[in-house]
Number of protein chains: 2
Amino acid sequence: MSKSPSREDVARRVHSVALHLMRYVRSQDTALGVPPAQLSALSVIVFGGKTSLSDLAKAEQVRPPTMSRIIDGLVRSGLVTRETDKRDRRLVILTATDKGTRIMHEGRSRREKRLVDLLQPLVREEIDLLDRASDILAKELRTWTH
Amino acid sequence: MSKSPSREDVARRVHSVALHLMRYVRSQDTALGVPPAQLSALSVIVFGGKTSLSDLAKAEQVRPPTMSRIIDGLVRSGLVTRETDKRDRRLVILTATDKGTRIMHEGRSRREKRLVDLLQPLVREEIDLLDRASDILAKELRTWTH
DNA sequence: TCTGAATAGTTAGCATAACTAACGGTTAGT
DNA sequence: ACTAACCGTTAGTTATGCTAACTATTCAGA
């Protein structure tokens, strides 16, 4: 029977693991030729559907000017289209192109493969445990971000 | 009894949680007035002790020229000192100043507090579960990075 | 021992990405 | 109709990533 760890200990470990995990999966993204911030924004556009620029900026926790230039890059690469909303002409509506959608799915697939490789040696019980741990953290993160 | 999730599902959830968790804790770092890459490098110098520039670059998964400039910033802010090794005069030895050490500990404490806040509502069993999950992932990450 | 290869770090030049401040165009409220 | 609020862009600064090319130092072999 091992001693129960303190919240501080667990916080430290969870933080360290999250940090290294992100480094581990991000190494796959360079193959796509799309810079990280653009890739992240594209992901929201593809999987979240059409959005305005401000909403996207909020979702990515970035200021509007920053998002404006990220979109510049995506439009220049033909991955996203920019159009003004008919109802409210102040709004900019972003839509992923076919090319953008294709690249995003490829990227997602690459990252997932990489993570699945990592989880490969784990047994059923460990996989289930990771799933429950993810759920717990996801639930708490939702209460803090919304 | 709920159905066991596939490795792909778990990979997706773990990835998503790690992503949001990093965003959540990083929001605390702006208060320190030290940019993210510099903070990360400083962390290695403070907690890992003296290192050469190349070793630091490897640890941070960055090219030497990039690390050289990150160190420029840390030296300019008086958080780190640069000196050439006596034995091998090609090497640059980085050491954290008192100010650098102080700031690093403050940053670590802020991040941990933030994470402890997140974990606050969780019960004992959930904390233990997160601890085991961290251990599992940490172990797998070690086999892939070393 | 001397000469050439390898290693460590820096400099220069480029692209991406973050910020604030300031601005123009659009909509909404009184 | 006027004013305030809102949305997005432009301009300018700083930070961070890369490759290529360079200097200085060390090492290895003839």
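Remember, predicted model here, so these are calculated numbers, not experimental data. Below, chain A is the first sequence line, B the second, and so on; all start at residue 1. Values reported hereafter were calculated over all heavy atoms of this structure, with side chains retained and with hydrogens, waters and symmetry mates removed.
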Self-check item: Whichever of A:Asp88 and A:Arg63 has its nearest DNA chain C nucleotide further upstream toward 5'
Solution: A:Arg63

Quiz item: Judged by atom type as modelled, is there a donor-acceptor pair below 3.5 Å linking the side chain of B:Lys99 to the main-chain atoms of B:Ser77?
Solution: yes

Quiz item: To the nearest angstrom, how far is A:Asp85 atom CG from C:dT26 atom P?
Solution: 13 Å

Self-check item: side-chain hydrogen bond (donor to acceptor under 3.5 Å, both in side chains) partner of B:Ser109, the single match among B:Lys113, B:Arg111, B:Glu106
Solution: B:Lys113

Quiz item: Looking at D:dG12, does its base get a donor-acceptor pair with the side chain of A:Arg69 below 3.5 Å?
Solution: yes

Quiz prompt | Distance below 4.0 Å between A:Arg87 side-chain N/O and C:dT26 OP1 or OP2 | solution = no

Quiz prompt | Pair A:Asp9 + A:Arg12: basic N to acidic O under 4.0 Å | solution = yes

Quiz item: Would you call A:Asp88 and A:Arg90 a salt bridge, using N to O less than 4.0 angstrom?
Solution: yes

Quiz item: D:dT9 phosphate, OP1 or OP2: any side-chain N/O from A:Ser68 under 4.0 angstrom?
Solution: yes

Quiz item: B:Leu94 has an atom CG; how far is it from atom P of C:dT10, in whole Å?
Solution: 9 Å

Quiz item: Rounded to whole angstrom units, what separation is found between the CD atom of B:Gln38 and the P atom of D:dT14?
Solution: 13 Å

Quiz prompt | D:dC6 base / A:Arg90 side chain donor-acceptor hit below 3.5 Å | solution = yes

Self-check item: B:Ser52 side-chain proximity, nearest of C:dG9, C:dT10, D:dT16
Solution: C:dG9

Quiz item: So what does B:Pro35 hit on the nucleic acid, given a heavy-atom distance under 4.0 Å: a base, only sugar-phosphate, or nothing?
Solution: sugar-phosphate

Self-check item: Closest listed nucleotide, where the reference is the side chain of B:Leu91 and the choices are C:dG9, D:dA24, D:dA11
Solution: C:dG9

Quiz item: Which residue lies toward the 5' end of DNA chain D, A:Lys58 or B:Pro65, if each is placed at its nearest nucleotide?
Solution: A:Lys58

Quiz item: Going through the distances and angles, do A:Glu112 and B:His15 end up as a side chain to side chain contact (heavy atoms under 4.5 Å, CB included)?
Solution: CA-CA 8 Å; A:Glu112 285 180 16; B:His15 175 250; over 6 Å; no

Quiz prompt | Side-chain donor/acceptor of A:Arg89 to base of C:dG25, under 3.5 Å | solution = no

Self-check item: d(CD, B:Glu60; P, D:dC18) in whole Å
Solution: 12 Å

Quiz item: Do NZ/NE/NH1/NH2 and the carboxylate oxygens of B:Glu8 and B:Arg13 come within less than 4.0 Å?
Solution: no

Exercise. Could you state the atom-to-atom distance from CG of A:Leu56 to P of D:dC7 in whole Å?
Key: 14 Å

Quiz item: Where the side chain of B:Pro36 is defined as all heavy atoms beyond and including C-beta, which of C:dT20, D:dT16, C:dA18 is the nearest nucleotide?
Solution: D:dT16

Practice problem: Please state whether the phosphate of D:dC6, meaning OP1 or OP2, lies under 4.0 angstrom from any side-chain nitrogen or oxygen of A:Ser54. | Solution: no

Quiz item: Counting side-chain heavy atoms from CB outward, which of C:dA18, D:dA20, D:dG17 is closest to A:Thr66?
Solution: C:dA18

Quiz item: Of all the nucleotides listed (C:dT16, C:dG9, D:dT9), which has the minimum atom distance to the side chain of B:Leu53?
Solution: C:dG9

Self-check item: Interatomic distance, A:Leu74 CG vs D:dT9 C1' [rounded to whole Å]
Solution: 16 Å

Quiz prompt | Nearest to side-chain heavy atoms of B:Val62, which nucleotide of D:dG17, D:dA15, C:dT20 | solution = D:dG17

